[in-house]
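Data first, discussion second: the structure below is written as structure tokens.
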Amino acid sequence: MSASSPDFILEAVDIEKSFGATSVLRRADLRIARGEIHALLGGNGAGKSTLIRILCGLLRRDGGTLRVDGQEEASPNAIAVVFQELALLPHMTVAENIYLPHRHRGLERVRAAERREEARAALAQIDETLAREALDTPVAEIDLHQRQLVEIARALSSGARLLLLDEPTANLTFAESERLFSILRRLASRGIATLIVSHRMNEIRAVADVCTILRDGRTVVNRQPLTELSDAAIVEAMGQKGAMRAETAHAAIRATAGTTVSIEGPGLSVTLPPGSVLGLAGAPGGPSRLIDTLIGANTDLHWRIAMDGALRHFAVPAEAVRQGVGYVSGDRAEKGLLVTLPILDNVVAAARIAGRRWFAGRREARVTQDALERLAIKAGSIDDSPLTLSGGTQQKLLLARWLERIPRLLVLEEPTRGVDIGTKREIYAIIRDMAARGAVVVWWSTEFSELTEICDRIVAFDLRGTVSGVIEAGNISEVALARATGMAA
Amino acid sequence: SSGTAEAKKLTVAYIAPSLDISYWQWVAYGAKTKAAELGMDYIEMDSHNSPVDQMTNVRTAITRGVDAIVMGPVSSTSTPPVLRLLKEKNIPIAFTGIGPQPGETDYTSAVTANNYEAGKAEGSFVCALAKERGGSQVGMLSLPQDRENAQKYLKGAKESFAADGCELVQVLQTKGLTVREAVDQANDLLTAHPDVKAIYGMYDEAATGAAKVLQTRGLVGKIGVATADGSPTTVKLLRDGVIQGLFLQEAGGQGIEAVQQVHNALTGAAVTKDLPLAEPLVTSKDIDSAAAQAKLKRVYPPAAGLY
Amino acid sequence: MTDTIAGAHRDADSYHAPRRASLGVRLLRSYRTEIAIAVAIILIELVVSLWSPQALSYGNIANIAQASAPLILMSLGVFLVIATSGIDLSVGSTFSLTGMIAGLALSGGMAWPLACFVALGVGLVVGAINGGLVTFVGLAPFVVTLITFAVGGSLAFVVTDGHSIAILDPDFWRLNGGELVPGLANYVLFCIVAVAALEFALRKLVLGRWIYAIGSNDKAARLLGIPVWAVRFGVYAASGLFASFASLISLSYISNSEATSGANMMLQAIAACVIGGASLFGGTGSAIGAMLGAVMITVIQNGVNLIGINSFWQGSVTGLVILIAVLIDRLTKMRA
Amino acid sequence: MTDTIAGAHRDADSYHAPRRASLGVRLLRSYRTEIAIAVAIILIELVVSLWSPQALSYGNIANIAQASAPLILMSLGVFLVIATSGIDLSVGSTFSLTGMIAGLALSGGMAWPLACFVALGVGLVVGAINGGLVTFVGLAPFVVTLITFAVGGSLAFVVTDGHSIAILDPDFWRLNGGELVPGLANYVLFCIVAVAALEFALRKLVLGRWIYAIGSNDKAARLLGIPVWAVRFGVYAASGLFASFASLISLSYISNSEATSGANMMLQAIAACVIGGASLFGGTGSAIGAMLGAVMITVIQNGVNLIGINSFWQGSVTGLVILIAVLIDRLTKMRA
Ligand SMILES: Nc1ncnc2c1ncn2[C@@H]1O[C@H](COP(=O)(O)OP(=O)(O)OP(=O)(O)O)[C@@H](O)[C@H]1O
Ligand SMILES: [Mg+2]
Ligand SMILES: [Mg+2]
């Protein structure tokens with residue numbers, strides 16, 4: 001009945017979409033063959049998430065044709081999606097979040113015990129511990145990293161023939177990503193296709209066969225095998241020429257003025273002179289407790305923080321902020337964005353507090369525009385809601401908070417989650433520049449390449465969350481990190 | 001003077017404290033009927049039990065150019081500013097149900113029921129009901145005691161109980177003035193005080209609720225009930241012997257008299273400054289008497305139910 | 001039935017069967033607030049019985065059951081709406097209007113079962129209007145149901161021009177007082193059945209989980225393919241129906257319809273849900289909690305009357321008792 | 001100043017810095033609901049004036065201003081709470097209780113300015129209790145303020161045993177009717193000053209932005225270093241103060257304190273905020289919106305009385321007019 005080749009499980013041609021006056025997709029094409037792992041690439045705001053939402057029927061397209069399995073109307077169970085801004089039900093348990101969305105009729109019984117076992121099995125494939133310990137925990141009580149795993153488990157257990165994964169690895173550790181990829185490969189061998197969005201180049205190469213690249217809503221590379229494309233060509237196609245990794249390793253930063261921060265705790269005692277960038281590596285449990293203490297969110301008495309020799313004990317984040325501690329989290333929905341306030345307020349919120357300002361002034365518009373411009377943040381206007389921004393762009397917004405007023409201690413928790421390759425480079429440069437001006441930076445990331453590139457010292461935490469070693473400047477490598485964190489490749 | 005009335009049709013506004021309550025609806029009915037009879041235009045407004053709304057209503061009435069006001073005030077103490085304003089505008093005002101603050105003189109007429117006397121009379125009657133039934137404990141289902149009429153009823157009743165040797169064991173007030181609440185309270189009253197032999201109802205819904213409870217508990221006749229006001233429901237309950245006495249308060253009659261008084265004031269006829277209407281007792285024996293029936297027609301309109 | 005793609009591969013020795021807490025512990029944990037409120041209710045009764053020993057008599061407990069039945073039924077409907085993070089302010093007006101319509105139908109000579117069906121239509125219509133405006137037009141639930149509250153309350157007066165109606169049908173009392181199950185009065189039966197059925201649906205049926213899912217995060221629920229619109233529309237319709245049914249139960253007992261009969265009930269019903277553990281932001285609470293909340297409100301009222309506390313003090317006593325109950329709940333939550 | 005930071009590597013042509021719309025457009029956009037409601041108010045007045053030409057007279061507009069002043073002041077306080085995603089059900093009771101306390105103080109011979117201060121203490125105490133229980137104990141705002149609503153309403157009766165008080169102080173009217181600014185009655189002045197000051201604070205002071213931030217995402221607000229507890233406590237205290245002040249303004253006008261005087265106002269005040277664009281989930285709305293919502297409620301009331309609509313129909317008319325207003329708002333939002 002249709003002219004489409006039966007080899008394609010999904011064919012999208014000339015898809016168009018605009019939000020009001022801004023056109024987001026302009027004749028985007030995407031074809032996914034059965035059993036292939038297909039990378040969808042593009043810079044922040046290129047339209048990837050928008051396209052995915054159109055593919056799974058959540059958003060109406062303005063133009064173009066879409067066929068799933070040769071049909072205009074996708075059968076309801078055909079597609080499973082991992083959403084970039086996680087779609088989870090906070091009051092419900094992990095198990096229920098995994099099994100509830102499967103298509104049911106309302107008057108059916110839930111058969112919780114059975115379903116729970118299915119959910120456990122799905123989750124156990126990527127994280128045994130989580131599956132064992134958190135299955136009956138409400139999602140509100142687990143952290144972003146674990147939520148991401150839950151969201152993935154949900155897609156894996158859905159029985160769908162096409163998986164659309166929008167940055168599923170954005171905050172997974174290397175080992176977890178690897179486990180996900182091996183599952184995807186196994187699925188592929190059974191004819192199940194995956195579309196995966198990622199900003200991590202080495203991952204893309206590791207898992208995907210072909211790629212489609214979007215740029216400003218247009219398909220600029222259509223179904224090319226990845227083997228035929230060099231990194232440079234990919235980055236070029238995305239429109240991010242300068243994004244290639246700097247060849248020369250950066251010299252250690254010497255800041256002339258600033259605060260010395262020292263951190264003491266179980267198995268660790270480091271002194272961070274102004275300008276140092278300390279990396280935290282490993283499964284999130286350990287680092288998050290240190291980070292919460294540093295920013296005053298949830299003080300862990302095992303950790304002792306001193307600034308310029310004076311012991312600091314922050315009971316609430318407000319105290320930390322007043323002492324010049326800045327914080328950016330990759331959990332933007334929970335810990336970052338003020339969604340009902342315009343972009344402007346989101347950007348200047350931190351400076352207002354650190355600067356003890358009383359007035360939300362006229363100057364702020366200028367400051368906001370400067371900050372957005374420096375991070376190349378695409379937005380209609382600074383009076384728009386941050387919800388009109390793409391995921392990576394929202395993340396940049398949170399970083400923009402600390403551009404105006406450089407903190408004494410900047411605590412970063414997966415700060416480049418979802419940020420595109422080109423912008424990551426800019427962010428590294430900006431952070432390094434802040435360090436050069438005297439800031440001390442503490443940076444947790446699941447992406448080892450990021451840590452090796454920017455940090456001059458890295459604290460490794462093992463899987464139980466205890467410090468397993470400090471790796472000094474000369475010895476930093478991804479292999480060393482993998483070994484120290486117990487997350488060997 | 002009838003010439004001027006024809007030249008410019010007079011308008012009277014009736015401002016009720018709350019038209020949610022049937023009593024004030026019936027006052028409105030009386031006022032409206034009388035206004036029509038006198039050839040006056042009639043408008044009505046609701047103060048929703050709020051003195052602020054009441055004041056606003058008065059001002060709105062003035063804006064609409066009314067010639068006279070009939071008002072059931074939210075409370076006596078809420079009347080002075082109203083009276084000041086109306087005096088300034090030279091607009092006659094008659095009160096219904098609730099009179100002005102003591103000491104005020106700048107009103108045309110106050111058509112009230114003598115709640116204190118009625119309370120006393122009902123108190124004696126209820127006490128007698130209890131005694132007939134071999135007890136001396138009585139309970140009361142009251143209007144909310146922030147109302148002056150409720151306070152007066154209670155005062156009168158307490159005096160009678162004291163004088164006649166009855167013990168008022170509990171006073172419960174219904175907030176929403178609904179039968180539903182009164183039923184719950186009557187149940188609680190009888191649970192807490194099983195020896196109560198008569199119930200003093202201060203308004204129709206209270207007695208209706210009490211009657212309902214007696215019917216479901218099979219206590220009809222064993223516990224006496226009397227109430228003030230009078231409604232089709234309580235009249236029927238009286239006829240059925242579930243309640244024993246009604247102290248009729250002329251709701252409609254108050255409206256009729258009040259309109260008559262302001263009309264008198266406008267047309268230069270004599271006015272009666274204080275016009276308390278009696279609250280006669282009616283029992284099942286005399287409910288069908290001509291006097292009682294005539295009285296009843298000044299209580300509620302035919303549309304409300306049978307007499 | 002779902003052949004889970006990617007069968008789980010596990011090392012035999014590294015695999016530990018997932019620990020699921022025992023049923024008892026799970027019930028205790030998920031009904032923590034409900035248990036706290038139930039304990040509070042019992043404590044209240046015991047305290048009251050110090051003053052008034054009849055408090056624990058069969059008669060008084062029957063009184064409490066009778067008095068709380070309409071509020072329980074109404075609260076159940078309101079709870080469904082609150083669980084989806086909505087609000088229904090119109091239930092009190094629906095209660096009143098239903099009573100008036102039923103009264104008119106009955107005094108017009110209609111057979112009482114038929115009149116009941118007609119009157120339930122009031123709740124269905126009001127609920128459908130609420131649901132439609134909230135779901136399809138996208139207006140805020142507070143505004144929509146405030147409007148139907150105002151309109152419904154006004155129509156309750158309009159239909160009879162404010163007159164109340166005495167119900168004379170000699171059999172209508174059977175709806176409330178009859179015994180479909182011998183030995184169990186209908187008003188108790190209806191409450192038990194409604195609470196049990198709802199609690200079952202909310203915990204064990206997919207539909208019930210959807211209701212919590214929508215209240216938990218309606219955007220995510222939509223992304224997950226839950227028919228958010230239909231469910232949301234449904235809970236408003238159900239709330240209207242419950243309010244109407246509550247009204248009929250009450251009417252059948254009181255046999256007198258008044259235009260103001262439901263006026264105070266809206267706030268009580270919402271309070272019942274919240275006391276019973278529901279959050280106005282949705283996603284939490286239970287039908288049992290809503291019922292216990294309603295019972296607690298009635299029990300306090302009853303206790304205050306039995307003790308003979310001056311009615312001006314009743315609000316204070318009620319407030320403080322509720323405060324103590326929620327503080328107990330709060331403290332046990334901190335412990336847990 | 002920013003030139004030292006590493007320059008961005010990007011195609012110059014693909015990136016455009018976000019623009020800022022002109023002030024006019026920005027105001028139009030951020031006050032869209034407010035403008036819609038203002039237009040609706042004008043339309044209502046015009047429609048009413050078809051029946052009753054006096055609607056647009058100076059006298060009637062002064063009536064409306066006088067009648068709406070207390071509700072406006074109360075709504076402003078409630079709005080602050082709602083903006084932080086809280087709710088304050090206690091304001092009506094605070095209004096009543098303040099009136100009674102002020103009445104007692106005045107009839108006890110206290111000088112009126114002093115009596116006003118004492119009475120404002122009522123609002124401060126109730127607000128502090130609300131704020132304390134919500135902020136420091138962590139109870140749900142709905143429950144806490146429901147409790148203070150019940151207790152406050154009860155105390156309003158208790159303090160005078162239910163008797164209302166006539167205020168005889170010959171000068172107390174000055175609070176409402178005096179002219180601190182010649183030619184402008186105080187009640188108008190206070191409303192204008194309060195709305196302007198709050199709107200300024202909410203838009204231009206960091207404190208005001210914090211209020212929205214807390215309503216928007218209180219966890220993120222805390223991590224940003226916003227003193228969430230202090231601000232939250234503050235808005236409840238402010239709400240209590242505004243309710244008390246509203247009561248004094250009203251009392252000074254009608255010189256009569258009544259234990260039930262605020263009973264209807266809580267729902268009206270919340271409605272005013274919501275009609276004016278506030279969401280009960282917090283983070284949105286404006287002081288101007290709350291004011292316009294309050295004015296709209298008063299204007300409908302006034303219009304219904306001027307036209308002479310049967311009072312039983314008033315609720316229906318009020319409901320439908322509000323429905324039309326919010327539908328207009330909704331439609332313009334869809335367009336935008
Ligand atoms: N609701 C909306 N209103 C207006 N603009 C929107 C809306 N949603 C998305 N956009 C715009 O559409 C563009 C594409 O967004 P999209 O989320 O698809 O990007 P993306 O490719 O997924 O980016 P990222 O890598 O950052 O996730 C962005 O410029 C964004 O600002
Ligand atoms: Mg995206
Ligand atoms: Mg300084």
Side-chain angles (χ1 to χ4, degrees), chain A residues 20 215-216 239-243 295-297 316-322 327 329 333-343 345 349-350 352-354 357-361 365 368-370 372-384 401 403 422-423 425-426 429-430 432-433 437, chain D residues 1-23 25-27 29-30 83 85 200-231 279 281-285 335-336:
Chain A
R215 181 170 168 186
D216 286 336
Q240 302 183 312
K241 278 180 227 146
I295 63 171
V316 289
E319 286 179 17
V321 171
R322 256 179 269 127
Y327 172 64
S329 169
E334 281 255 318
K335 299 181 179 176
L337 291 178
L338 308 170
V339 289
T340 62
L341 296 190
I343 288 172
D345 283 285
R352 281 174 181 167
I353 292 167
R357 298 202 190 118
W358 283 81
F359 295 96
T368 306
Q369 269 163 328
D370 285 345
L372 299 194
E373 214 163 319
R374 268 170 64 194
L375 289 169
I377 291 175
K378 282 188 216 169
S381 108
I382 59 174
D383 302 306
D384 287 349
R401 280 183 180 163
L403 291 182
T423 313
R425 286 281 120 59
E426 289 169 36
I430 288 168
R432 237 183 254 126
D433 183 71
R437 295 175 178 210
Chain D
M1 150 225 165
T2 64
D3 50 1
T4 52
I5 299 278
H9 312 278
R10 64 176 86 101
D11 304 328
D13 50 21
S14 81
Y15 178 73
H16 305 281
R19 299 262 173 67
R20 181 155 230 218
S22 71
L23 184 69
V25 173
R26 267 180 354 219
L27 285 181
R29 214 193 282 164
S30 57
S85 83
F200 173 80
L202 286 165
R203 310 217 117 221
K204 296 294 176 196
L205 288 191
V206 168
L207 177 64
R209 307 313 290 166
W210 285 351
I211 290 176
Y212 287 113
I214 291 170
S216 188
N217 183 345
D218 75 337
K219 196 166 168 190
R222 191 175 103 91
L223 290 173
L224 271 166
I226 293 172
V228 175
W229 284 16
V231 175
S279 151
F281 294 98
T284 61
R335 282 283 167 84

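Numbers restart at 1 for each chain; the letters A, B, ... are given by sequence-line order, proteins then strands.
Between chain A and the residues D:R209, D:R203, D:R26, D:K219, the most heavy-atom pairs under 4.5 angstrom are made by D:R209.
Contact of A:I382 with chain D is made through backbone and side chain together, with heavy-atom distances under 4.5 Å. Only the side chain of A:R401 comes within contact range of chain D, judged by heavy atoms closer than 4.5 Å. For A:A354, no part lies under 4.5 angstrom from a heavy atom of chain D. Interface remark: A:A350 contributes backbone and side-chain atoms alike to the contact with chain D (heavy atom separation under 4.5 Å). Of the two parts of D:W229, neither the backbone nor the side chain holds a non-hydrogen atom closer than 4.5 Å to a non-hydrogen atom of chain A.
Closest approach of D:N217 and A:L337 over heavy atoms only: ND2-O, 2.9 Å. The two residues D:Y212 and A:L341 make their nearest non-hydrogen contact at CB-CD2, 3.4 Å. In terms of heavy atoms, A:T340 sits closest to D:G283 at OG1-O, 3.0 Å. Heavy atoms only, all atoms of each residue included: D:R222 and A:G296 are closest at NH2-O, 4.5 Å. A:K335 approaches D:A220 most closely through the heavy-atom pair C-CB, 3.7 Å.
Using a 4.0 Å cut-off between charged nitrogen and carboxylate oxygen, D:R29 and A:D384 count as a salt-bridge pair.
Atoms CZ and CD1, on A:R352 and D:I226 in that order, are 9.0 Å from each other to the nearest 0.5 Å. If you take CG on D:L205 and CH2 on A:W358, they are separated by 8.0 Å, rounding to the nearest 0.5 Å.
Between A:F359 and D:V206, the closest side-chain pair of non-hydrogen atoms is not below 4.5 Å. Residues D:L224 and A:I353 are in side-chain contact: their nearest non-hydrogen atoms beyond the backbone lie under 4.5 Å apart.
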